[in-house]
Amino acid sequence: SSPVCRCSNPVAENPWSSKRVWQGGQSVRSQVIDFLVLLVLISVVSWVFDHHPRGWIGTNPSPFFLLPILMGGRYAQIAGMLSGLGAAAVLVGVSAWQTGDPAGDVAASAKLVLICLPLVGVVCGEMQRFISLDVIRARIQLDQASRRMRALDEQVFILAETKDELDRDLALLNADTANMDYEIRRVLQSPPERFYEALLGVLCRKARLYEAAVYSANSSWHRAAFSGTPETWPDLLDPGKSAVAGAALKSGSIATLPDVWADKPTSPDDFLVACPIGEADKPAALLVVRSMPFSSMNTRGMQIIETVCKWVSEFSGLQRRAAGFFDPRGFVSRQDFDRMLDLACEVQCRFQLVSSVILIRPEPGVSADSEQIQAAVSGAVRIGDIVSHLDTEFPHILLLLPLTGLRGAEICRSRILEHARTFSDGSLPLDGSIFCTTDYKNAPALQQALLAALRPS
């Protein structure tokens, strides 16, 4: 016959299971063994000191009280009570057997002790129950706290990872436009014969252009600088054959291949980007791009190209109007300064690239004119910064710092004031106030703030 698998259930087979009767959580067999061991030990010790069981009962307190105390404290009320009854029965039985007196007389002579034995077991068991309930409650609370702590640890770990990611993102935020003012000054400081090479180098670094070229406008469009292979870029460019280049020259601003797709079909080898350099009505050069990373072919990359080209175009216009005698640290006309200020506010509004204006004037009580102030600070003015003044009788100069934030403007102001103090041997103390384009809606609002700062309080 095939074997039969029988699954046992200790609770169902044993009605006296510890889970149903005993509060101490141990089996009946274990409790009986503990009771017998304790009973023998206490009896042996008591026999050593007194051979008469009557003395065991009459001792105050009786050593047999240890039995219900230990059993009740270990196994709760029922075990303590039964241990007390068992101890009382043993005491009465042994005493009656040794003396020959009836068990009833023995029990009557020590009824208080015999009654207290099971009561002590019940009391100790009740105390054990309260303690065990507190322990169980504490364990439950500890488990709940542990689970919550683990959940909090997981949340803290997630928050830490999020914080690290945010720190990395903040560290890389606008990294492509960092030091843009420095890059533009590098272009302006380059020799005339390497001007377009320096410009193209900045664009390749900031916008990550692979294959690009700059064509200067003379009688025809001649190649002035390029990146990539020479075979890619011919010496002469015909903008009429490129829809992108034609759109850029027509609009006077940057044009991309997606901008012209909707107007007319384009050739497969057309440029990706084209941007004029110089004044809108008469560009001095044209930037064209054939290859760049797909990740840079986005709004931010086009903003970088347009921003660099616009600032360089403004400086090129200043040089052209000065007929080659443009002083990069000298005064510019109010009209040129206002146009540059408009560009700074436009770049701030469109691309979130901040520029700053430093208003430098004498400290209260110091006599000076604008020419003296300019002479004192001209040695500390960076190439690429614009120096001018407002049409007012108060002595001052304005210094426009393109693409320079508050921190850079503070450093520049400190350097200029220190230079002016050294230049004048302390006789011309100056004061400088910083105005950032982030604090104003447009250029007129910034100009109003500059005028208000000049008026004496």
Measuring from Thr404:OG1 to Asp385:CG, what's the distance to the nearest 0.5 Å? 6.5 Å

Who are the ring-ring contact (aromatic ring centres under 6.0 Å, His included) partners of His389, not counting sequence neighbours? Phe331

Hey, is the main chain of Met292 close enough, under 3.5 Å, to the side chain of Ser296 for a donor-acceptor pair? no

Glu211 backbone acceptor or donor facing Ser291 side chain under 3.5 Å: no

Would you confirm whether Gln372, through its side chain, and Asp369, through its main-chain N or O, come within 3.5 Å as a donor-acceptor pair? yes

Atom of Glu363, atom of Leu430 and distance for their closest heavy-atom approach: OE2-O, 3.6 Å

Compare every heavy atom of Leu341 with every heavy atom of Gln447, then report the nearest pair and how far apart it is. CG-CD2, 3.6 Å

Do Trp233 side-chain atoms and Ser227 backbone N/O form a donor-acceptor pair below 3.5 Å? yes

Less than 4.0 Å between a side-chain N and a carboxylate O, is that true for Glu314 and Lys310? no

Is there a donor in the side chain of Gln303 and an acceptor in the side chain of Arg300, or the other way round, less than 3.5 Å apart? yes

Plane angle bin for Trp311 and Phe315 - parallel if under 30°, tilted between 30 and 60°, otherwise perpendicular: tilted

Expected output: side-chain Arg361 to main-chain Ala453 donor-acceptor under 3.5 Å: yes

Given side chains that start at C-beta, do those of Leu403 and Val354 come closer than 4.5 Å, heavy atoms only? no

Sidechain-backbone polar pair: Ser355 side chain, Ala344 backbone, donor-acceptor under 3.5 Å: no

Taking His222 for its side chain and Tyr215 for its backbone only, find out whether a donor-acceptor pair lies under 3.5 Å. no

If you apply the rule side chain to side chain contact (heavy atoms under 4.5 Å, CB included), what do you find for Ile305 with Met302, and how did you get there? CA-CA 5 Å; Ile305 295 175; Met302 300 305 104; 4.2 Å; yes

Answer yes or no: is there a donor N or O on one side and an acceptor on the other, between the side chain of Arg208 and the main chain of Leu203, under 3.5 Å? no

Hey, are the side chains of Leu287 and Leu200 touching, using non-hydrogen atoms and a 4.5 Å cut-off? yes

Has the side chain of Ser370 got a donor or acceptor atom that lies under 3.5 Å from a matching backbone atom of His396? yes

Candidate pair Asp338 and Arg334, rule salt bridge (charged side-chain N to carboxylate O under 4.0 Å, His left out), full reasoning: CA-CA 6 Å; Asp338 289 345; Arg334 174 68 185 278; 3.0 Å; yes

Please examine the side chains of Phe271 and Val260, heavy atoms only from C-beta on, and report whether any two atoms are closer than 4.5 Å. no

Short N-O contact, Arg150 and Asp153, less than 4.0 angstrom: no

So do Ile254 and Asp259 actually touch side chain to side chain, heavy atoms under 4.5 Å? no

How close do His419 and Ala376 get, heavy atom to heavy atom, and via which atoms? ND1-O, 2.9 Å

So with a 6.0 Å cut-off around CE of Met297, is the heavy-atom count from everything else above 12? yes

Could you walk me through whether Ser388 and Leu400 pass the side chain to side chain contact (heavy atoms under 4.5 Å, CB included) check? CA-CA 8 Å; Ser388 186; Leu400 174 61; over 6 Å; no

Can you find a pair of side-chain heavy atoms, one from Val312 and one from Val308, that are under 4.5 Å apart? yes

Measure the CG-CE distance between Leu142 and Met149 for me, rounded to the nearest 0.5 Å. 10.0 Å

Carefully, step by step, assess Arg186 and Gln189 under the rule side-chain hydrogen bond (donor to acceptor under 3.5 Å, both in side chains). CA-CA 5 Å; Arg186 286 185 61 181; Gln189 292 173 348; over 6 Å; no

How about Val273 and Val244: do any of their side-chain heavy atoms sit closer than 4.5 Å? no

Electrostatic pair Asp336:Arg339 at N-O distance under 4.0 angstrom: yes

Got a donor-acceptor contact below 3.5 angstrom from the Ser427 side chain to the Asp425 backbone? no

Please evaluate residues Glu197 and Arg194 with respect to the criterion salt bridge (charged side-chain N to carboxylate O under 4.0 Å, His left out), reporting the C-alpha separation (whole Å), side-chain torsions for both, the decisive distance (0.1 Å), and the verdict. CA-CA 5 Å; Glu197 291 183 8; Arg194 299 183 62 87; 3.2 Å; yes

Just so I know, are the side chains of Leu286 and Ile277 near enough to count as touching, which here means a heavy-atom distance under 4.5 Å? no

Which pair of heavy atoms, one from Gly228 and one from Phe226, lies closest together, and at what distance? O-CE1, 3.5 Å

Should Leu236 and Arg223 be marked as a side chain to side chain contact (heavy atoms under 4.5 Å, CB included) after you check the CA-CA gap, both sets of side-chain angles, and the distance that decides it? CA-CA 6 Å; Leu236 298 178; Arg223 187 183 67 188; over 6 Å; no

Under 4.0 Å between a side-chain nitrogen and a carboxylate oxygen: does that hold for Arg407 and Glu410? yes

So CD1 of Ile434 and CZ of Arg413: to nearest 0.5 Å the spacing works out to 4.0 Å

Measure the spacing between CG of Leu66 and CG of Leu38 and express it to the nearest 0.5 Å. 8.5 Å

Could you tell me the separation between the CZ atom of Arg350 and the CG atom of Leu343, rounded to the nearest 0.5 Å? 10.0 Å

What's the separation between atom CG in Leu117 and atom CG in Leu85, rounded to the nearest 0.5 Å? 8.5 Å

Find out whether Leu249 and Trp221 are in side-chain contact, i.e. whether some heavy atom of one side chain is under 4.5 Å from a heavy atom of the other. yes

Any chance you could lay out the side chain to side chain contact (heavy atoms under 4.5 Å, CB included) test for Val381 and Leu399, step after step, and finish with the verdict? CA-CA 8 Å; Val381 174; Leu399 189 63; 3.9 Å; yes

With a 4.0 Å cut-off on N to O distance, would you call Arg421 and Glu418 a salt bridge? yes

Looking only at heavy atoms, what is the nearest atom pair of Pro276 and Cys309, with distance? O-CB, 4.2 Å

Closest heavy-atom contact between Ala248 and Ala274? CB-O, 3.5 Å

Around atom CZ of Arg415, are there more than 12 heavy atoms of other residues, nucleotides or ligands at under 6.0 Å? yes

